[in-house]
Protein chains: 2
Amino acid sequence: MKRDQSTEEKIKAAAKKVFMTKGFDGCSVRDIAKEVGSNVALLNYYFRSKEKLFELIFEGAMSDFLQSMIAVFSSDLTLKEKVEQLIDKEFSFFLEHPELPMFILQSLHQNKTDAPMPSHFLEPIANTGIFEQFEKAKAQGEVRDISIRNVTLLLMSNVHYPFMSKKLTMQFHGITAEDFDEDLKKHKEIVKELITNYLFISNTKA
Amino acid sequence: MKRDQSTEEKIKAAAKKVFMTKGFDGCSVRDIAKEVGSNVALLNYYFRSKEKLFELIFEGAMSDFLQSMIAVFSSDLTLKEKVEQLIDKEFSFFLEHPELPMFILQSLHQNKTDAPMPSHFLEPIANTGIFEQFEKAKAQGEVRDISIRNVTLLLMSNVHYPFMSKKLTMQFHGITAEDFDEDLKKHKEIVKELITNYLFISNTKA
DNA sequence: CCAAAATTTAAACAATTGTTTAATTATTTC
DNA sequence: GAAATAATTAAACAATTGTTTAAATTTTGG
């Protein structure tokens, strides 16, 4: 029977921190144990292996990653408002979890998780009816003729990439982290205007 | 004295392939040796250590990464033409080196290379006069009032990210690699229109 | 309070890591 | 062609890897 709930949670928190910053290959189980302040064997006592622990962390991260979209989509707003809100919400979310995009994409890239994305991640998004709302707006000529997949790629590019490219951008321009954060704010506003201007046909409210 | 130039090159090629796909932490020197078809000791005979070998590969990758920009910038085109050409060229370049953006950003992210970007990477770009051309166009009202850093972030986001997000996007939409490649082509055209429309004030040719 | 169960630990496991050594093979040089 | 040099190899190095074992400690339940 569980004696102390917080031990398992402490390990998960430590694993999340370490995996997120160093990646699966970039850390050892002893790194995580040190972060917890306890023994290596404890990790395998609660979670059966480094891989199992990672999968757990990854799933949680993926969940967070997608969750931030759902609230916006299931609200009662126009499509244009949803796009604007999505950009706002995603930016403030990633400001608090700046390592998330890199962690997700890198883990997928190196097949650290082979399974296809579980439907319990994707169904909630589909269930918001956002796709139907988009197709309807397109049919009514409120929205440019563009596939939802290309809209997604456009949004993700402009929302995820900046948080992955901090080091590159700072080195490229020779600027400080503070400078970069300023650019980030500006970028958000640019992207909002850029994308809504492009997507939505003027003189109608979608 | 060198007996066979191609041995050193074969190791570099193998190291590039392995590092690019698996990352520094994701592979062992024996993985590379196996790819070469020879002994581990040979790697340290030509390059002193795994780290030194990696730094060499990384620098080459970064050089390629930036090189693709320079040709466009130093050409004799209008700013708008340069932006359009840059997007075209970058896309065809990354179609041939799709792992490059992920490799660069991931390596920087995990401080696999600590050194700041050497000036011999950045100076050639500055020497093309692209920055001056941009500021001039801005002063003449041909270009929207936006910083060059934000333009860069915009371009990089839309050009680099798609190649990093292939797995995520495929899983997210449940599509095949062929589907994704189609989306990529479309994305390029969208981005070209999107960005030029946004940057350049209409009824003038920048 | 005491046995049983759950938790935590230290220690050891074999396998793998990057690197080095020393011996072998191939090439160059005169 | 023989001595010298360069290239390549197999083997071993100590350190680190993920995992397991078995003992110690703590908590639980009667």
Side-chain angles (χ1 to χ4, degrees), chain A residues 1-61 103 106-107 110-115, chain B residues 1-61 103 106-107 110-115:
Chain A
M1 199 168 288
K2 279 214 179 78
R3 178 188 70 128
D4 184 4
Q5 159 76 354
S6 80
T7 297
E8 194 170 337
E9 293 305 318
K10 264 194 279 184
I11 294 177
K12 282 213 272 189
K16 183 174 177 179
K17 180 175 173 184
V18 175
F19 278 142
M20 286 275 207
T21 53
K22 306 215 209 184
F24 180 84
D25 294 322
C27 72
S28 68
V29 288
R30 282 171 181 80
D31 291 336
I32 299 173
K34 193 176 294 176
E35 180 74 28
V36 180
S38 82
N39 201 279
V40 242
L42 208 56
L43 307 197
N44 281 18
Y45 174 75
Y46 282 102
F47 315 91
R48 299 154 36 85
S49 67
K50 184 190 182 186
E51 255 189 356
K52 286 261 194 295
L53 178 55
F54 177 82
E55 276 168 27
L56 204 79
I57 300 302
F58 179 80
E59 294 232 340
F103 176 69
Q106 188 215 325
S107 300
Q110 281 164 221
N111 286 326
K112 251 46 197 177
T113 169
D114 39 357
Chain B
M1 199 167 290
K2 280 215 180 76
R3 177 187 74 125
D4 185 3
Q5 158 77 353
S6 80
T7 296
E8 193 171 337
E9 293 304 319
K10 264 195 278 186
I11 295 177
K12 282 212 272 188
K16 184 174 177 178
K17 180 176 173 184
V18 175
F19 279 142
M20 285 275 204
T21 53
K22 306 215 207 185
F24 180 83
D25 293 322
C27 72
S28 68
V29 287
R30 283 170 181 80
D31 292 336
I32 299 173
K34 194 176 293 176
E35 179 75 27
V36 180
S38 82
N39 200 280
V40 242
L42 207 56
L43 306 197
N44 280 17
Y45 175 75
Y46 282 102
F47 315 91
R48 299 155 36 85
S49 68
K50 183 189 183 188
E51 254 189 356
K52 286 261 193 297
L53 178 53
F54 177 83
E55 275 167 28
L56 205 76
I57 300 300
F58 178 81
E59 294 232 340
F103 176 70
Q106 187 214 326
S107 300
Q110 281 164 221
N111 286 327
K112 251 46 197 179
T113 169
D114 40 356

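Throughout, a chain's letter reflects where its sequence line sits, starting with A, and its residues are numbered from 1. Only this structure's heavy atoms are used, side chains among them; waters, hydrogens and symmetry mates stay out. Keep in mind that this is a model prediction, so the values were computed, not measured.
The shortest side-chain heavy-atom distance between A:Phe54 and A:Phe47 does not fall under the 4.5 Å cut-off. Within the 4.5 Å cutoff, side-chain heavy atoms of B:Ile32 are placed close to those of B:Phe19.
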Completion exercise
Contact string for nucleotides 13-25 of chain D, one letter per nucleotide 5' to 3', B = base within protein heavy-atom range under 4.0 Å, S = sugar-phosphate only, - = neither, reads ----BBBBB----
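Across C:dT7, D:dA6, D:dT9, the shortest atom-to-atom separation from the side chain of B:Tyr45 is found for D:dA6.
Between A:Leu42 atom CG and C:dT7 atom C1' there is a gap of 7 Å when expressed in whole angstrom units. Atom pair B:Leu43:CG and D:dA10:P shows a separation of 14 Å (rounding to whole Å applied). A straight line from CD of B:Glu8 to C1' of C:dT27 spans 17 Å, rounded to a whole angstrom.
Summarising the geometry, atom CG belonging to B:Asp25 is positioned 8.0 Å from atom CD belonging to B:Gln106; distances are rounded to the nearest 0.5 Å.
Between B:Tyr46 and D:dT8 there is a side-chain polar atom (N or O) within less than 4.0 angstrom of OP1 or OP2. A close approach under 4.0 Å does not occur between any side-chain nitrogen or oxygen of B:Thr7 and OP1 or OP2 of D:dA7.
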Practice task
Could you check A:Leu42 against A:Ile11 for side-chain contact (heavy atoms from CB on, under 4.5 Å), going step by step and ending with a plain yes or no?
Solution key: CA-CA 9 Å; A:Leu42 208 56; A:Ile11 294 177; 4.3 Å; yes
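When every heavy atom of B:Lys50 is checked against every heavy atom of B:Phe24, the shortest pair comes out as NZ-O, 2.9 Å.
Other residues, nucleotides and ligands contribute only 12 or fewer heavy atoms inside 6.0 Å of the NZ atom of A:Lys16.
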